[in-house]
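Written out below as structure tokens is the structure these notes cover.
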Amino acid sequence: MKFEDLLLETGGFGRFQILILLILCLPRINLPMHFLLHNFLAATPSHHCAIPHQEEFVNLTTEEILLISIPREPDGTFRSCEMFSQPQFHLLLNSSLQPYNDSVTQDCQHGWVYDHSQFTSTISTEWDLVCEQRGLNQATATFFFIGVTMGAVVFGYLSDRFGRKSILMLSLVCSVIFGMLSACSVSYSMLAVTRTLTGVALSGVSLIILPLGMEWVDIEHRTFSGVLTSIFWSVGNMLLALTAYLVREWHWLLVAVTGPCLLSIVCLWWVPESARWLIANGKVKQAHKHLLRCARMNGRKDFTISPEALRGMTTEKNPGESFSYISLFRTPVLRKISLCSGTVWFGVAFSYYGMSMSLTGFGLNMYFSQFVFGIIEIPAKILMYVLVNRIGRRHSQAWSLILTGLCIGANIIIPTPFTSLRSVIAVMAKGSSEAAFTTVYLYTSELYPTVLRQNGMGYTSFMARLGGSLAPLVFLLDDVWRSLPQVTYCGVAVFCGSVAFLLPETLNAHLPEGIQDIEKTQFFPSRVKGPLQTSAPEGLQLQSLLK
């Protein structure tokens with residue numbers, strides 16, 4: 001008996017599965033509130049140099065004091081990082097006059113004055129991370145994603161070794177601790193360290209939620225579960241906009257986005273460990289207990305199965321055998337899956353963050369823009385829910401990523417005056433890149449066997465973070481050729497999308513349990529000579545992989 005058949009006997013997709021998915025969606029909502037928090041945490045309001053001895057200008061208005069103390073930009077706004085070394089009183093007679101010579105300007109000597117009309121405080125205003133120090137302001141996002149990258153490696157291995165639920169609980173507890181420490185930061189160094197550690201912890205939450213939910217869901221509802229979980233990311237986007245609008249002080253903003261993790265920790269007690277993982281690792285007594293509970297909640301009170309029957313489903317494992325990231329590349333078929341899926345993840349993240357950083361807003365305030373960005377992701381995800389069940393995972397993944405690249409390439413050749421057309425193409429590219437991201441999470445969780453699923457997710461997540469880290473650096477290539485960044489995004493997206501065609505189709509397929517389920521069968525369509533046969537007791541229904 002296969003595990004999917006066992007799930008059907010316990011009720012398939014019932015109240016038990018719905019409860020698990022709803023609970024796991026809580027931490028999913030919380031993820032974008034941290035991943036995109038930098039937009040508000042490190043926002044830099046308009047500012048200018050602090051002017052000393054303002055009491056000497058009692059007869060002048062504030063505007064006049066600025067006029068004689070701060071040089072202007074060509075558009076008439078006051079400069080943010082320079083001031084006159086001596087007051088330029090002649091500008092009171094005619095503000096269009098120029099200072100006597102360029103040597104009268106200097107860098108800010110007495111700090112800065114910030115516009116607090118939109119933000120009470122941010123880390124920029126707290127530690128003057130502007131002008132020469134603005135690089136440190138942007139680095140806080142880099143530190144966070146470095147932590148996410150490290151966490152992808154650490155938690156991917158730990159959750160395959162010690163179980164999904166326990167490591168997810170550890171990730172949430174660490175997220176609360178380091179998130180609150182970030183809110184209490186008294187120096188920039190402390191904030192940088194705690195935000196990095198928060199990224200490490202949240203990476204575990206990001207990695208484990210989807211596989212834990214998927215391993216309790218039958219084949220028919222697997223796509224629905226993956227897309228539902230993904231939609232709650234967009235809900236988190238919208239809630240971030242609302243939270244940031246209501247909380248304008250950065251310390252309390254960190255508390256506000258970290259606090260919901262406490263609710264997730266409490267609710268996680270009702271989520272059982274993955275029975276699929278327990279069986280694969282020989283812990284049949286615990287799996288038996290959870291399966292009986294599943295059947296009772298789903299109204300299948302007549303369901304019975306003995307621990308001995310579950311023990312017969314245990315993945316065969318050599319004495320002393322353990323799995324690690326190296327296991328992803330030891331065997332030929334699994335090696336091909338790992339290389340191809342890693343390439344696809346790199347391309348998905350590279351194009352997604354490239355689009356996100358190159359698209360401008362809608363001319364709205366940043367809170368409403370953030371809210372709108374969350375909304376426009378939902379239609380793309382709903383569309384993918386239909387497509388992955390109609391044309392399959394492989395084609396959905398490949399063509400969504402290729403379409404992203406083609407849209408980026410189209411905007412290279414469309415003349416700049418065609419603003420409306422370029423905007424439509426850019427929105428299509430953004431929607432396609434979001435669709436590719438939605439698909440890749442679902443697809444990857446179905447490609448790897450249970451004993452290596454979290455290692456596989458950790459490895460591919462690492463590749464995605466690598467792509468996301470390199471994406472902004474590509475903008476520097478415009479010094480070589482103005483269109484080179486767009487050409488790079490286009491080429492990488494099309495190439496990585498094409499690589500997805502080398503992966504097997506997993507639509508309606510049983511999830512593989514062990515490495516032998518993949519290696520002992522003709523997994524890739526290109527290798528098929530005739531009807532598939534497998535002697536593995538927990539082998540895949542591989543006919544569905546040939547669609």
Side-chain angles (χ1 to χ4, degrees), residues 2-4 152-164 167-168 203-204 206-217 219 222-223 225-226 229 274-281 315-317 321-346 348 388 392-394 397 439-464 499-500 502-521 523-524 534 536 538-542 544-545:
K2 299 177 177 65
F3 187 81
E4 278 78 6
V153 178
V154 174
F155 285 102
Y157 169 77
L158 291 178
S159 59
D160 267 344
R161 184 71 181 272
F162 301 105
R164 311 328 192 196
I167 301 303
L168 177 57
S203 183
S206 176
L207 277 175
I208 299 171
I209 289 175
L210 184 60
L212 178 56
M214 298 282 284
E215 289 175 356
W216 273 110
V217 174
I219 295 175
R222 193 186 301 161
T223 304
S225 303
T229 306
S274 166
R276 189 188 298 270
W277 179 87
L278 291 170
I279 293 173
N281 287 270
T315 303
E316 294 183 6
K317 196 173 182 180
E321 181 182 14
S322 61
F323 300 104
S324 66
Y325 289 105
I326 298 176
S327 304
L328 298 173
F329 301 93
R330 279 179 176 158
T331 53
V333 178
L334 197 53
R335 184 186 306 126
K336 187 173 183 179
I337 291 176
S338 298
L339 291 174
C340 292
S341 61
T343 302
V344 171
W345 271 79
F346 178 90
V348 168
V388 294
R393 276 70 156 144
R394 179 175 56 190
Q397 182 68 75
T439 307
V440 77
Y441 271 102
L442 170 67
Y443 195 14
T444 306
S445 65
E446 296 176 340
L447 284 171
Y448 288 102
T450 301
V451 294
L452 277 172
R453 187 163 294 123
Q454 285 304 127
N455 277 327
M457 293 295 288
Y459 155 70
T460 52
S461 180
F462 173 83
M463 294 298 294
V499 170
L502 300 177
L503 290 168
E505 180 56 73
T506 61
L507 178 62
N508 296 326
H510 287 266
L511 294 179
E513 303 295 340
I515 296 177
Q516 72 277 5
D517 292 338
I518 296 176
E519 296 298 330
K520 289 183 179 180
T521 56
F523 198 77
F524 284 89
T534 176
E538 280 297 300
L540 296 170
Q541 289 186 348
L542 294 172
S544 62
L545 298 178

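Along the sequence shown, the residues carry numbers beginning at 1. Every heavy atom of this structure was used, including side-chain atoms; hydrogens, water molecules and symmetry mates were not. Bear in mind that the values here come from a model prediction, so they are computed numbers and not experimental data.
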Hey, could you give me the [atom1]/[atom2] distance between [X] and [Y], rounded to the nearest 0.5 Å?
X	Y	atom1	atom2	result
Leu212	Thr229	CG	OG1	10.0 Å
Glu505	Leu447	CD	CG	9.5 Å
Glu446	Leu503	CD	CG	12.0 Å
Leu339	Leu334	CG	CG	10.0 Å
Leu207	Thr460	CG	OG1	7.5 Å

Which heavy atom of [X] sits nearest a heavy atom of [Y], and at what distance?
X	Y	answer
Trp345	Val440	NE1-CG2, 3.1 Å
Ser274	Arg164	CB-CG, 4.1 Å
Arg393	Thr439	O-CG2, 4.0 Å
Tyr448	Ser341	OH-OG, 2.9 Å
Ile208	Ser159	CD1-CB, 3.9 Å
Gly392	Leu507	CA-CD2, 4.1 Å

Taking the side chain from Arg394 and the backbone from Pro504, do they hold a donor-acceptor pair closer than 3.5 Å?
no
If you apply the rule ring-ring contact (aromatic ring centres under 6.0 Å, His included), what do you find for Tyr459 with Phe329, and how did you get there?
CA-CA 11 Å; Tyr459 155 70; Phe329 301 93; 5.4 Å; yes
Below 4.5 Å, heavy atoms only, C-beta onward: do Leu168 and Phe155 meet side chain to side chain?
no
Residue pair Arg161 / Ile167, side-chain heavy-atom distance below 4.5 Å:
no
Counting neighbours of CZ on Phe462 that are heavy atoms of other residues, nucleotides or ligands and sit closer than 6.0 Å, is the number greater than 12?
no
